[in-house]
Amino acid sequence: MTEALPVTDSPDLETTHTSDDTFQLREIQLAFRNRGIPAEGLRLPITPTGMHYLLNHFDIPYVDAAAWKLTIGGRVGTPLSLDLDDLRRRPAVTFPVTFECAGNGRVFAKPRPVNQPWLHGAVSTAEWTGTPLGPILEEAGLADSAREVLFTGLDRGIQFDVDQYYQRSLTVAEAMRDEVILAYEMNGAPLEPQHGFPLRLVVPGWYGMTNVKWLDRIEVIDEAFDGVQMQFYRETSGPEDVGAPVETMKVRALMAPPGIVDFPSLQRRVEAGSVTLVGRAWAGRSQVARVEVSTDDGASWHDAVLDDPIGPYAWRGWRYEWHATQGEHMLCTRATDSEGNVQPPEPVWSYYGVGNNGMARQPVIVV
Ligand SMILES: Nc1nc2c(c(=O)[nH]1)N[C@H]1C(S)=C(S)[C@@H](COP(=O)(O)O)O[C@H]1N2
Ligand SMILES: [Mo]
């Protein structure tokens, strides 16, 4: 038994939203459990596993790999049961995939939900190794009534008052796409416990919640699944509103902060002269078409130069040469995708704080 930490602020669980920039103890507890990437990590094309952001709703389950099996059942001709060796014997692919939590940027849209208090750190890119899901579903044989594929994790907890195992579904068409894999390695090593050991789903282009960890079973179903994790990941105006689901990641750019930081005020100092601003941008299943930089809080914009892509489902590096002059500057970036969608200047509000791709701002003092 662990003792609950004393809750010094209001323990009223009904307080779901606040415009206060004072954070509650339970938000800080969540922030320690679910870390973000340090912004300087945006300098690296591939995020080291220990720097990769983390988001777990419930406790990390203990999994005995020797006893573990994945079952594939439901509306299939031949139910399957596969252990880790069976999965490793199948054709393997490795490629970089950018994950972003749908809640990234949550605290900037007010009133903010009292939930995982993401700033902009809920994004990272790892090299994932696994076996394509489509051929496994084909082997099992989808029934004519097959409509969705339901993925269930081994982690159990309570959300929306429902005692549940973490569950998300995909339509059959989405689940059968070539790039959807069952991953057993991250950055060339077996998955670490917090990232879903021994096996997780990886659905490139979609927001992070789709990548179900600690996979226990896959069921083909003949209806649309409407569990808690489907209801939460929607842009809605309130609990009664159905809204629209968040699915593929919206276009976004972030900057690795230039200069040096003052600890613990977090003010940044940059030396006057030529400064190379760098960062990364991504756009779900679309391409990043353009990244712009402003050094005057959006009054004027300049095109950044894009690096070569590192893969179709990974973020893209960008750089911009800034001639920094003395004084205070507000640095901003905004990206445009191949569909012509541009990041909005202001945060995008939704009740659960998901799908906010509003522009990030970084103040610096040039000395
Ligand atoms: N089983 C399970 N899978 C899960 C989650 C979870 O809580 N349980 N969190 C999801 C969410 S919201 C995100 S953003 C990603 C985060 O993956 P990472 O922690 O490996 O970066 O995992 C997803 N998969
Ligand atoms: Mo997430």
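Both counts, for ligands and for their atoms, begin at 1 and track the order of listing. Since this is a predicted model, take the numbers as computed values, not measurements.
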[X] neighbourhood, listing ligand 1 atoms whose heavy-atom distance to it stays under 4.0 Å:
X: C101; answer: 14 (S)
X: W214; answer: 1 (N), 2 (C), 8 (N)
X: H57; answer: 6 (C), 7 (O), 9 (N), 12 (S)
X: D155; answer: 1 (N), 2 (C), 6 (C), 7 (O), 8 (N)
X: H52; answer: 21 (O)

Legend entry - Residue and atom name of the nearest protein heavy atom (relative to atom 10 (C) of ligand 1), distance in Å to one decimal: Y166 OH, 3.5 Å
Inset, instruction - Step through the shown structure and confirm whether more than 12 heavy atoms of other residues, nucleotides or ligands are within 6.0 Å of CZ on F225. - result: yes
Inset, instruction - Give a yes or no on whether R75 atom CZ has more than 12 heavy-atom contacts from other residues, nucleotides or ligands under 6.0 Å away. - result: no
Say whether [X], considering both its backbone and side-chain N or O atoms, lies within less than 3.5 Å of an N or O atom on ligand 1.
X: K213; value: yes
X: N56; value: no
X: Y53; value: yes

Legend entry - Residue pair E339 / D337: nearest heavy atoms and the distance that separates them: N-OD1, 2.8 Å
Legend entry - Aromatic ring proximity Y352/F160, centre distance under 6.0 Å: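 Between Y352 and F160, the centre distance is under 6.0 Å.
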Legend entry - Identity of the nearest option to atom 20 (O) of ligand 1, non-hydrogen atoms only, from M186, M209, H195: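 Going through M186, M209, H195 one by one, H195 has the nearest heavy atom to atom 20 (O) of ligand 1.
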Legend entry - Option nearest atom 23 (C) of ligand 1 (shortest heavy-atom distance, choices A122, S124, G208):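 Closest candidate by heavy-atom distance is G208.
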Legend entry - Structural part of R200 in contact with ligand 1, heavy atom criterion under 4.0 angstrom: side chain
Inset, instruction - Specify side chain, backbone, both or neither for Y233, according to which of its non-hydrogen atoms lie closer than 4.0 Å to ligand 1. - result: side chain
